[in-house]
Amino acid sequence: MKVIYRDNEVREGSFEEAWVKEAFWHTTAHVLAQAVKRLYPDTKCAIGPAIEQGFYYDFEFLFPFGEEHLKAVEAEMKKIVKESLSLGAYEVSREEAVLYMQERKEDYKLELIERLPVGETISFYRQGEYAEFCAGPHISNTRHIKAFQLLSVAGAYWRGDENNKMLTRIYGISFPKASALEEFLKLREEIKLRDHRKLGKDLGIFMIAKQGPGFPIFLPKGMILKNILLDYWREVHAREGYMEISTPIMLERTLWETSGHWEHYRENMYTTQIDDLDFVVKPMSCPGGMLVYQSQPRSYRELPMRLGELGIVHRHEKSGQLHGLMRVRAFMQDDAHIFMTEEQMIPEIQNVAKLIDEVYSKFGFQYHVELSTRPKHSIGSDEEWEEATNALKNAMDAIGVSYEINEGDGAFYGPKLDFHLKDSIGRTWQCGTIQLDFQLPRRFEAEYTDASGMRRRPIMIHRVLFGSIERFIGILLEHYAGKLPLWLSPVQVKILSLAERFNGYAREVAGELSHMGIRCEMDDRSEKIGFKIREAQLDKVPYMVIVGQKELDAHEVTVRKRDGENLGSMGVEQFVNCLKQELL
RNA sequence: GCCGAUAUAGCACAGUAGGUAGUGCACUUCACUCGUAAUGAAGGGGUCAUCGGUUCGAAUCCGAUUAUCGGCUCCA
C-alpha cells in the first residue's frame with residue numbers, strides 16, 4: 001500500500017504497520033467527510049483523526065443527526081471507495097487556504113488555519129471533488145478501503161472544551177480486507193461479554209438499583225469478594241506498619257473550609273444540615289485522618305505515622321458519567337495518610353511504590369507510572385510545589401521506576417504519582433496514587449516536637465493502592481473475564497451429586513470442605529450431571545466435585561476443573577491439599 | 001451536565017398500518033435418579049419505566065420526567 005506525504009513523497013508499507021494503519025484510517029475519515037458533504041452540503045467539518053482503533057470525524061450538522069443516518073452515509077462512502085479516487089497533496093498560501101474555507105463556510109477549519117504559524121504554506125489533500133486542509137499522510141487511493149463500518153454517533157465538544165459548542169462525532173473503523181473487519185467486530189462482541197456490568201449481574205456480585213443511581217449494592221457473592229480484598233489489604237498494611245482508623249461519613253462544614261475542599265471541591269460534595277449546622281458528606285477521608293493526628297501532641301518518635309482507612313466517600317458525579325462499578329457516587333477508598341518528617345519523605349514514597357508493585361503483581365497486573373504536576377486551581381507556593389514534585393521524582397529515580405509527566409493534573413493540594421494498571425486485554429486504569437501534600441498540615445497547623453524540642457510541621461502523603469474497591473472489583477472482573485482465581489472466587493468448589501440418594505454424602509463432603517476453610521456450595525437438585533456441570537461452568541466456579549456411587553464406596557470425590565480438565569478421584573483431604581497448594 | 005440512542009416477565013428478546021401482550025431460558029409442581037456443558041410435561045409470573053396528552057380505544061402516536069447504553073467533559 002502506498003502512503004503519500006504532504007511533499008508528495010511516497011512510501012510503501014503494509015497495513016499491519018502502525019504508520020500505514022494511521023494513514024489508512026485517517027483517509028477513511030476523509031472519505032467519511034466527503035460522503036457527508038455530498039449528502040448534506042451545509043454540514044461544517046471540524047476534525048477527523050485516526051485513533052487507536054479506527055477513526056472519527058466531528059461535524060456540525062444543521063439537523064439532528066442520529067444513528068438512522070449512518071446507513072446513508074455508509075452507502076455514499078461505498079460509492080466513493082468504488083470511484084477509486086486517488087489522493088494527492090498540494091501546498092497553498094495561507095490566504096488561499098482562508099479564502100477556500102471562507103467560501104465554503106468551514107468555520108472550524110478557519111479556526112484551525114488561524115492557529116497555524118504565520119508565513120508557512122498550508123498543505124491540502126484532494127480526492128475527487130473533495131479537498132481538505134491536512135498535514136497527512138494519506139493512502140494513495142480510496143479503493144483500498146475495502147471494508148469499513150461506522151460504529152456510533154456521539155457528542156463531542158469542539159476542541160474538547162465543555163464551554164464550546166457540542167459537535168456530532170461519528171466513529172468508524174476500516175480495513176483493507178473484509179475478514180479483518182469481521183474479526184474486529186467479533187473481538188468487540190467478546191469485550192462486551194467480559195463487561196463487568198454483565199458479569200457482575202450474572203455472577204451475583206453487585207447490582208445498581210434504580211433508586212440509587214451510582215450507588216452500587218453488593219450482593220452476597222460480591223461481599224465475599226470485597227471482604228477477601230479487604231482482608232488482603234489489612235494483612236499487608238499491618239505488616240507494613242500501618243494503623244487502621246475509621247472516621248465519620250459526615251463532618252461539619254468548617255472542617256472542609258479549613259481543608260480547602262469547600263472552596264475547591266464543592267460542586268462534588270453532598271451536604272446536609274444537623275441542628276442548623278452545615279455538614280458535608282466526605283468526598284475524601286483526609287480531614288478525618290487529620291483530626292486523628294491532631295487528637296494529641298505528636299513527637300518525632302511517632303513518625304512516620306501511617307494511618308490507614310477503608311473509608312466510604314461520596315462524590316456527586318454528573319449523571320452522564322456513571323458507569324457500572326467504574327464510576328460511582330459512593331465508593332470505598334483504601335486510603336492512608338502518612339505523616340512524616342522531611343527526611344522520611346523519600347523513603348516513605350518508595351515504600352508505598354513498592355507496596356503498590358507487590359499488590360498489583362499479586363493480580364498479574366502490569367502498570368506504568370505518571371507524575372502529575374500543579375493544576376490551575378491549586379493552593380500553596382511555587383517553591384513548595386517544586387520541592388514536592390522533585391521529591392516524587394527523586395524517589396522514583398532512586399529505585400529505578402520510570403514515569404511520564406502529566407502536566408497540570410495534580411490534586412489541588414499537591415503533585416502526585418499515578419499508577420495506571422494494564423488489564424489482560426490491554427486497557428489501562430488509573431488506580432493507585434501517591435500524593436504529596438505540604439498544604440493540609442499547614443492549614444490544620446499540624447505539628448510534632450523534634451529531638452531538640454522544636455515544634456515542626458509534618459509533611460503528609462495521601463495514597464491509595466486499589467483506588468476504589470468498587471472500581472478495582474470491576475477491573476478484576478473484566479481482567480479475569482469473570483474467571484476469578486481460586487483465592488478470590490466467592491464459591492471455590494461446587495459439589496454436584498449424581499443422584500438424590502448421594503445427597504447425604506454430598507452434604508458430608510461439603511461439611512468437611514467448609515471445616516477446612518474452603519468456600520463451597522452444593523447442587524443437590526434432581527438434575528442430570530451434565531446439566532449441573534453446565535451451570536457450575538457458567539457460574540465460573542473454579543472446581544467442581546462430583547459424588548456418586550463410586551465416590552461414596554471409596555469415600556472420595558471426583559474433581560473437575562473450570563477449564564474442563566478432569567483430575568480424577570481422590571480423598572477429600574488430598575483435594576483440599578491441592579487447593580491449599582494453589583492458594584499459596 | 002452535554003450530544004445521540006434505548007426502556008416490554010428474573011435474564012435475552014419478538015410484538016409498525018393504534019383494537020387491552022408473546023417466545024426461549026430461569027422459577028414452581030410432577031415424573032425421571034441419571035457419570036462430565038441443557039430429561040420431559042404441566043403451571044405461575046408483566047398497571048409494556050413513570051406522569052401527562054391525542055383517541056371510542058395507546059406497549060404502539062405526542063410531550064415531560066427518570067434510569068440505562070455509546071461518547072464528550074470530568075474522575076478513584
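Order of the sequence lines fixes the chain letters, A, B, ..., with proteins taken first and strands second; residue numbering starts at 1 for each chain.
- As rounded to the nearest Å, B:U47 and B:A58 have C1' atoms that lie 13 Å from one another.
- A:Thr558 comes within contact range of at least one nucleobase, with a heavy-atom separation under 4.0 Å.
- Of the two residues contacting RNA chain B, namely A:Tyr157 and A:Gly324, the nearest-nucleotide position lying further toward the 5' end is that of A:Tyr157.
- Residue contacts for A:Arg169: at a heavy-atom cut-off of 4.0 Å it reaches the sugar-phosphate backbone alone, with no base atom in range.
- On the P atoms, B:A31 is 36 Å away from B:C13, given to the nearest whole Å.
- A:Arg197 comes within 4.0 angstrom of the backbone, heavy atoms only, and of no base.
- A:Glu470 comes within 4.0 angstrom of no nucleic acid atom, judged by non-hydrogen atoms across all strands.
- For B:U60 and B:A41, the C1' atoms lie 36 Å apart once the distance is rounded to whole Å.
- Nucleotide B:C75 forms no Watson-Crick or G-U wobble pair with any nucleotide shown, as no partner meets the under 3.5 Å limit on both distances.
- Among the heavy atoms of the strands, none lies under 4.0 Å from A:Gln435.
- If you check every strand for non-hydrogen atoms under 4.0 Å, A:Phe472 touches nothing.
- Look at the C1' atom in both B:A21 and B:G45: the space between them is 13 Å, to the nearest Å.
- Aromatic pair A:Phe365/A:His479: ring centres closer than 6.0 Å.
- When Watson-Crick and G-U wobble pairs are counted only if both distances are under 3.5 Å, B:U39 pairs with B:A31.
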*Passes side chain to side chain contact (heavy atoms under 4.5 Å, CB included), A:Ile434 versus A:Phe419? Steps please.*
CA-CA 8 Å; A:Ile434 305 177; A:Phe419 291 72; 3.8 Å; yes
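- Nucleotides of RNA chain B with any atom under 4.0 Å from a heavy atom of chain A span, from 5' to 3', B:G1 to B:A76.
- Aromatic ring centroids of A:Phe63 and A:His69 lie under 6.0 Å apart.
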Solution key, residues 405-417 of chain A side-chain donor-acceptor pairs under 3.5 Å, sequence neighbours excluded:
| residue | atom | partner | partner atom | Å |
| --- | --- | --- | --- | --- |
| A:Asn406 | ND2 | A:Glu370 | OE1 | 3.0 |
| A:Asn406 | ND2 | A:Asp409 | OD2 | 3.3 |
| A:Glu407 | OE2 | A:Thr373 | OG1 | 2.9 |
| A:Tyr413 | OH | A:Gln435 | OE1 | 2.4 |

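- Using a 4.0 Å heavy-atom distance criterion, A:Ala156 is classed as a sugar-phosphate-only contact.
- The partner of B:G4 is B:C69, by the rule that a Watson-Crick or G-U pair needs both atom distances under 3.5 Å.
- Remark: B:A58 base-pairs with no nucleotide in the shown strands. Criterion, Watson-Crick or G-U wobble with two distances under 3.5 Å.
- For the pair A:Lys44 and A:Tyr108, the cation-pi test (distance below 6.0 Å, angle within 45°) is failed.
- Heavy-atom distances to RNA chain B give each of A:Ile533 and A:Thr168 a nearest nucleotide, and the one nearer the 5′ end belongs to A:Thr168.
- Nucleotide B:A64 forms a pair with B:U50, judged by Watson-Crick or G-U wobble geometry with both contacts under 3.5 Å.
- B:U6 and B:A59 have their C1' atoms separated by 15 Å, given to the nearest Å.
- As rounded to the nearest Å, B:U20 and B:G53 have P atoms that lie 23 Å from one another.
- In a base pair of the Watson-Crick type (N1 to N3 plus N6-O4 or O6-N4) or a G-U wobble (N1-O2 and O6-N3), with each distance short of 3.5 Å, B:A12 is matched with B:U23.
- Separation of the C1' atoms belonging to B:C34 and B:A38 is 14 Å when rounded to the nearest angstrom.
- Between B:U8 and B:U68, the distance separating the two P atoms is 14 Å to the nearest Å.
- Salt bridge absent: A:Arg329 and A:Glu317 never bring a charged side-chain N and a carboxylate O closer than 4.0 Å.
- Contact annotation for A:Gln430: backbone-only contact, meaning every heavy-atom pair under 4.0 Å involves sugar-phosphate atoms and none involves a base.
- Using a 4.0 Å heavy-atom criterion, one finds that A:Arg525 contacts the sugar-phosphate atoms exclusively.
- For A:Phe175 and A:Phe148, the ring centers are positioned 6.0 Å apart or more.
- Partner assigned to B:G44 is none, using Watson-Crick or G-U wobble distances below 3.5 angstrom.
- Shown here, B:A17 forms no base pair; nothing in the strands shown gives a Watson-Crick or G-U wobble contact with both key distances under 3.5 Å.
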Can you give me every donor-acceptor pair (side chain of residues 543-551 of chain A, partner residue at least two apart or in another chain, under 3.5 Å) with its distance?
| residue | atom | partner | partner atom | Å |
| --- | --- | --- | --- | --- |
| A:Tyr543 | OH | A:Glu582 | OE1 | 2.4 |
| A:Gln549 | NE2 | A:Asp553 | OD1 | 3.2 |
| A:Glu551 | OE1 | A:Gly548 | N | 2.8 |
| A:Glu551 | OE2 | A:Thr558 | OG1 | 2.3 |

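- Aromatic pair A:Phe472/A:Phe363: ring centres closer than 6.0 Å.
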